[in-house]
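Since the structure is predicted, the reported quantities are computational estimates derived from the model, not experimental observations.
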Amino acid sequence: MIGFPAPHKNRVSRRVTRGAVLAVSAALTMTLALAGCSPKNSGDSSDGSSGDAGATLSFGLSSEPAGFKTGVDQGSAAREIITLVRRGLLTYDGEGKVVPALASDYTVSDDGLTYTFTLRSGLKFSNGDSLTSADVKRTFEYLAVDENGAAAAAAFANIATIDTPDDATVVLTLSQPQTAFPQVLADPLSAIVPEDAVDADGVPIGDGPFKIVDYRKGVSYTLEANPDYFDADSVKLGGIDVTFMADAQTRVKALMSGQVQFIDYVAAADFKTLESAKGITLKTAPGLYGAVQFNLTRGALAVPEVRQAIAYAIDLKAYSQAGTLGYGEPTGGLPIAPTSPYYDKEQAGHFALNVDKAKQLLAEAGYAEGVKLTLLTNSQYFGYSERAQVVKSDLEAIGITVDIESGDYANQIAKGNSGDYDLMIGGPSAALNDPSAITAAFIGGPTFVRSVGIDQSLYADLLEEGAKTADGPEREAIYKEIGEIYLKDVPFVTTGTGVSAYAYTDKLKGFQMLSGAIVYSSLYNLATAELSE
């Protein structure tokens, strides 16, 4: 379940000391051979040091990453690759705790505004370039520009100044205290990048435990252990061969036959099969929140009463059953976990199924004769098409005609980013196990994980206040007020938490799965996993 950090102690100066970082077939259309990198499985790096730290893990990845725009949420597959090849100042360990990464340690001022980071010595990017405080400054300044589309743009925009007194020191001064700021820095999308890594696709240059040495567009990535990684001695795998396998059944069969040894995004429909399979481990955890998103700029959906009607019409239990086969938890309101002290049970149940109420609201909004809408989804991942059918059926019961538009996940991301939809099966953006994570569901530029056309002025001030307030009754009151505004505005319909799963050979030891909003940061932990004989 989603957990929360201890209250931020604004009046206590803290130092986080250095510790052991538990960092973690299609036609061939293009191959990128990276200059200066060793050939696949050669065991020799360009500087003459051994690049063969151990066995190579074969990984069936659920989708080819849509791209690697710095800081931009481009789906779970892109995030997973980033956790393998990039690092930020901080990271998550196997228990989901924030620990040092590129920074060996850091201090926080008594007022919670100034963070001073000391970088590890000898840091390098995977292309051999040195990594210094200047790279940190440039990356964070880029992430703070709203037009660049970073998922955590609001958090980085809260940085008032970035000082770099020397190559190994970074001093960040915030405009307002930010309770979950260390978690922001631990997110994979906050990784430090070289200047030429700010691009849309291809091969990301990083500073993590692995580096990409071969990319076959539409087919695969080949990763090798990165000898320039700051904790290279802890990396047990010699490399990771990533094959793109969009079909869930193909991934499961490949794992069971031994073609691959690790798969992500296991569908709930395959849990029982894998649980009973010999030599295979299935790990599950509460996943991200789901939602039916709106384009609030189009016709009837610009009217709050129509959005309220849709919220009353969707049967969340049927929706959850279709998408997770009962493994998820149907709940409405703000996308905050039921285990959180910020979860409001009354708000979560506000839009209990009520067809008569939904019809009444449509009539009051001037749409008694019905509405015709297009619902965007994808057929690539289990649960999306199934959820779409539930929404179609439920809305047609109140007079809303729904045409389902499906395709692969890349198509959904592209159309979602451009706002080319009426309704979409998706989910609010979240990257922190903290209530401030809901900020990204309401605030920011165009993205497929946020409804189009939200009146951000309704939420911005309260969300900023919630992000800087220490845990306790005052913070709870802020999120309750946000929830009341949400129930009237309904910029999306929260549908509850899903379930996430990885499956892998029993020979893989040391992999630890995270949960909640940080579930797709779990591959940080492949950095210290190993394959046994």
Side-chain angles (χ1 to χ4, degrees), residues 1-3 76 265-272 284-294 307-358 361 375-378 381-398 400 402 404 423-430 433 435 437-438 441 449 451 479-480 482-484 486-487 489-501 515-517 519:
M1 290 295 179
I2 296 178
S76 59
Y265 222 107
V266 181
D270 295 315
F271 285 2
K272 290 184 179 179
T284 64
L288 304 179
Y289 255 86
V292 176
Q293 294 169 218
F294 298 130
R307 303 194 297 269
Q308 292 173 23
I310 291 173
Y312 277 116
I314 297 174
D315 184 341
L316 295 187
K317 290 183 179 179
Y319 186 97
S320 179
Q321 180 65 32
T324 73
L325 302 183
Y327 290 97
E329 185 163 359
T331 182
L334 292 180
I336 294 177
T339 53
S340 166
Y342 300 95
Y343 176 77
D344 189 303
K345 186 175 181 180
E346 183 177 350
Q347 290 182 354
H350 178 85
F351 289 116
L353 182 62
N354 190 330
V355 173
D356 290 338
K357 178 71 172 177
L361 284 165
L375 173 60
L376 179 63
T377 188
N378 76 82
Y381 288 123
F382 175 82
Y384 278 76
S385 295
E386 291 79 2
R387 293 181 180 106
Q389 290 296 335
V390 171
V391 172
K392 176 181 173 68
S393 176
D394 288 347
L395 296 192
E396 290 182 347
I398 65 169
I400 297 179
V402 175
I404 296 176
L423 306 171
M424 183 169 71
I425 303 298
S429 176
N433 282 339
I438 71 169
V449 292
S451 291
Y479 285 100
K480 183 177 180 66
I482 294 169
E484 292 300 323
Y486 162 87
L487 295 179
D489 183 43
V490 197
F492 52 86
V493 178
T494 303
T495 55
T497 56
V499 61
S500 297
S515 67
V519 67

Minimum-distance pair of heavy atoms, taken over all atoms of Pro338 and Glu329: CG-OE2, 3.7 Å
Distance in Å, Leu375 CG paired with Arg387 CZ, rounded so as to fall on 0.5 Å steps: 12.0 Å
Contact summary for Val519 and Ser500, nearest pair of heavy atoms: CG2-CB, 3.6 Å
Leu395 CG to Ile314 CD1 distance, which is reported to the nearest 0.5 Å: 5.5 Å
Note, Phe271 side chain near Leu325 side chain (heavy atom, < 4.5 Å): no
Test item: Gln321 side-chain N/O and Ala318 main-chain N/O as donor-acceptor pair under 3.5 Å: no
Considering all heavy atoms, the nearest Ile336-Pro435 contact: CD1-CB, 4.4 Å
Donor-acceptor contact present, side-chain Ser385 to main-chain Asn378, <3.5 Å: yes
Minimum heavy-atom distance between Thr331 and Ala348, given as atom pair plus value: OG1-CB, 3.4 Å
Phe492 side, atom CZ; Ile310 side, atom CD1 - distance, nearest 0.5 Å: 14.0 Å
From Glu346 atom CD to Asp344 atom CG, the distance as rounded to the nearest 0.5 Å: 6.5 Å
Side chains of Leu334 and Tyr342 in contact at under 4.5 Å (non-hydrogen atoms): no
Rounded distance (nearest 0.5 Å) linking atom CD of Glu484 with atom CG of Asp489: 13.0 Å
Non-hydrogen side-chain atoms of Ile398 and Val355 separated by less than 4.5 Å: yes
Donor-acceptor under 3.5 Å (Ser515 side chain, Ala285 main chain): no
Non-hydrogen atoms of Pro491 and Ser451 that approach each other most closely: O-OG, 2.8 Å
Whether Thr377 side chain and Tyr384 backbone form a donor-acceptor pair below 3.5 Å: yes
Minimum heavy-atom distance between Leu487 and Val490, given as atom pair plus value: O-CG2, 3.4 Å
Phe351 and Tyr312 aromatic ring geometry - parallel, tilted or perpendicular at 30°/60° bounds: perpendicular
Reported OH-to-CD1 distance for the pair Tyr319 and Ile425, which is rounded to 0.5 angstrom: 3.5 Å
Lys357 side chain reached by Gln308 side chain, heavy atoms, under 4.5 Å: no
